[in-house]
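A quick write-up on the structure given underneath.
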Amino acid sequence: MAKWGMVIDLDTCTGCQACTTACAMENNRLPGENWQDVLFYHEGTYPNVKLMWFPRPCMHCENPSCVSVCPTKATYKDPDGGFVLMDYNKCIGCKYCQVACPYGVRFYVDEKAVVQPDIRGVFPSEAGRQWDPPYKGPQDDPSRGIGIQPHGVVSKCTFCYHKVSKAPKGVADLDEDIPELKEYVPACVRVCAPKARFFGDLDQPQSMVNKLIADKRGVRLKDETGNKPQVYYLSGGATASVPSLRSMNDSGQS
Amino acid sequence: MTSVTVTNKEIASKQLGIMLLALIGLLFAGGLAISNLMTAGHAAFNTDNLGLFWGFPIVIYDYFLLTSTGLAMVASMALIFGGEDYRPIIRRALWLALAGLLGGVAVLMMELGHPLRALWAIPFSFAFSSPLYWKVMAVSFYVLSLVILQARMMKPDWQTQDLRINAMVTLALALAVTAIAGVVYGSQSFRPFWASGDIPVAFIFESLLGGLAFIIFFTYLAYAFNPAAVPASVKKLFNDRLTNLLALAIFIHLLFVLARMSSGLYGNAEGLQVWQTLATSRLFFAEIFIGLLLPLVLLVNPRTRIRPWAQILAALLVMNALLIARYEYIIGGQLVPLFKGAWAPPLLNYAPSPTEWLLLLVAIFLSNAVNAFGEMTLRLGREG
């Protein structure tokens, strides 16, 4: 059984937000509520200010606190692949998983629209879903949090389960440059123009993700929480770095 | 004797008035809140996805839940340890515990995304790793235990072994509910504003404080705030015991709040910076000076502590201070945004929406209507 993981090279990432856009298209995200986001923040104080950025998908943790706290087991760790998924049919919308996630990667679907006009009103759904966009992904699996969300639930990144889970068994890396594998690559990885993202099996020692983590000293975000993310960051320190704090305030602290 | 009978009739009619008023208020506030939720959905609340996930409705729910367990603790301890003096308040405290819980749970149901699904999804999930699972299970058994105990106390003999065992079970469940409610917050290690091993203990003391304040206030309310109508046994209990206990509970609660504030102001872990804002806010000053210190002074001063007006005022102020404390704790722990970059301010802004305020009214009116119904029909002041 695979344990899929992602490596993001911060030295290569340009902060172009192609990953965010691809994720939004693939998963019909509402404007401003990005399962995958590139966060921008300042570092330093005037006149020595740097604009920094930090790509942040769901970490699909090995030991996810969101899964531990869910009172209905609506959010769960898929043993085959290590995905952290949502079962919309079991979610009661208590939001404890949001409270318990240190990374802020979960979204309650019925909050006020971040971007106006509220696109849910422009494309209303008559099927009990959140909205009815003109383009919808062909996949719909509420038991894994795939497809347009129903009301009253929490949603999150699926690591593009609908693509990755169909990959041939035993593959070490899902690389968009390998023609026969590109359809199985998560949307955010596939569109990354500077190739800052890598996706592969963390349980296979020969996988590219493991080599990168070993060679370039991959680190995990807020590792002290004990959640053990399956997303690793590479940083030479010259450009963007992994922030130590979750709030990025205007005084330049990150 | 005649004058007392007349007074009792007057009081009964006032309870009817309270119940009708509460029902009208419930109809108005509940209708408006439901209408808002039907039209705007969850967007009627001022919560967001930046970091403030649990808003005022959760504050209200936990406030009423912990008040309920506090009342149950007071009543069951009185039964277990055989405090004869406490008899006049036992049944009232137990009924009030049920009424308060009903108000809190009603608000929770209006906050949840799928309240009906929660009724079956939680018990049958067997999600043993989740504090909320255990909280819901404990609350369910707690309610059952409260109902059984209340029903048992309709019978006259209050000194039997079965009643004592029933009270022990109720006490254990009330303690469990309160402690688990503390674990829900205290276990969030990356939120240092919340996280602490002593939060369940702090919650237990806060519950007791709420229970004592509520029983004093609602006992006077049961006699229409007319000290002349209050039985001598109740006056004796209040003057000799409850005011002292309330003062002690205020003092312990103050210690917990001030200790957390001191650690928060000196600590530099992310999330504790909320204390810099909180400790200088008007709400915090109101809580400490008007909600806790003023009642403490009223209750330790020999000249005021036996005055009914001082006891009522102290209880009312403490009830408000606890609501503020619950608000500051739950909201304060979420004010630092979670990896939202420059799009989010360093500290999130939150104030309850009109719909969220309406939910507070729903809880108050519903609890009062149920309580007044109990006062009218169950003779809650009976002493055995």
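We name chains A, B, ... by the order of the sequence lines, and we start the count at 1 in each one.
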On a heavy-atom basis, the closest approach of Ala121(B) and Ile92(A) is CB-CG2, 4.2 Å
Do Val109(A) and His42(B) have side-chain heavy atoms sitting under 4.5 Å apart? no
Under the criterion side chain to side chain donor-acceptor pair (under 3.5 Å), which of Lys112(A), Lys95(A), Gln98(A), Arg106(A) is the partner of Asn49(B)? Gln98(A)
Is it the case that the side chain of Ser68(A) and the backbone of Ser129(B) share a donor-acceptor pair, with hydrogens and angles ignored and the cut-off at 3.5 Å? no
Would Tyr96(A) and Val184(B) count as a side chain to side chain contact (heavy atoms under 4.5 Å, CB included) here? Give the steps. CA-CA 9 Å; Tyr96(A) 197 13; Val184(B) 167; 3.6 Å; yes
Shorter than 4.5 Å, heavy atoms on both sides: which option in Ser125(B), Ala118(B), Ser130(B) has the most such pairs with chain A? Ser130(B)
Counting only non-hydrogen atoms closer than 4.5 Å, does Val136(B) touch chain A with its backbone (N, CA, C, O), its side chain (CB onward), both, or neither? neither
Before giving the answer on side chain to side chain contact (heavy atoms under 4.5 Å, CB included), spell out for Asn227(A) and Phe190(B) the whole-Å C-alpha distance, their side-chain angles and the decisive distance to 0.1 Å. CA-CA 11 Å; Asn227(A) 280 22; Phe190(B) 73 98; over 6 Å; no
Which distance, rounded to the nearest 0.5 Å, do you find between the CG of Leu50(B) and the CD of Glu33(A)? 9.0 Å
Passes side chain to side chain contact (heavy atoms under 4.5 Å, CB included), Phe53(B) versus Val154(A)? Steps please. CA-CA 11 Å; Phe53(B) 311 124; Val154(A) 170; over 6 Å; no
Tell me whether His114(B) contacts the main-chain N or O of His151(A) through its side chain, where contact means a donor paired with an acceptor under 3.5 Å. yes
Step through the shown structure and confirm whether more than 12 heavy atoms of other residues, nucleotides or ligands are within 6.0 Å of CE on Met109(B). yes
Which heavy atom in Pro71(A) sits nearest to a heavy atom in Ala127(B), and how many Å separate them? O-CB, 3.6 Å
Side chain, backbone, both or neither: which part of Asn89(A) has a heavy atom under 4.5 Å from chain B? backbone
Heavy-atom donor-acceptor pair, Arg191(B) side chain to Val99(A) backbone, under 3.5 Å: yes
Mind ranking Val114(A), Val67(A), Val69(A) by heavy-atom pairs under 4.5 Å with chain B and telling me who comes out on top? Val69(A)
Relative to chain A, which segment of Trp134(B) carries a heavy atom at a distance below 4.5 Å: side chain, backbone, both, or neither? neither
Answer whether the closest heavy-atom distance between the side chains of Phe124(B) and Lys73(A) falls below 4.5 Å. no
Does Phe256(B) CZ have over 12 foreign heavy atoms under 6.0 Å away? yes
Region of Cys94(A) in contact with chain B, defined by heavy-atom distances below 4.5 Å: both
Close side-chain approach of Arg56(A) to Lys340(B), heavy-atom, < 4.5 Å: yes
Identify the heavy atoms of Ala43(B) and Glu111(A) that sit nearest to each other, and give their distance. CB-C, 4.4 Å
Under 4.5 Å, counting heavy-atom pairs only, tell me which of Ala74(A), Cys91(A), Gly32(A), Ser65(A) racks up the most with chain B. Cys91(A)
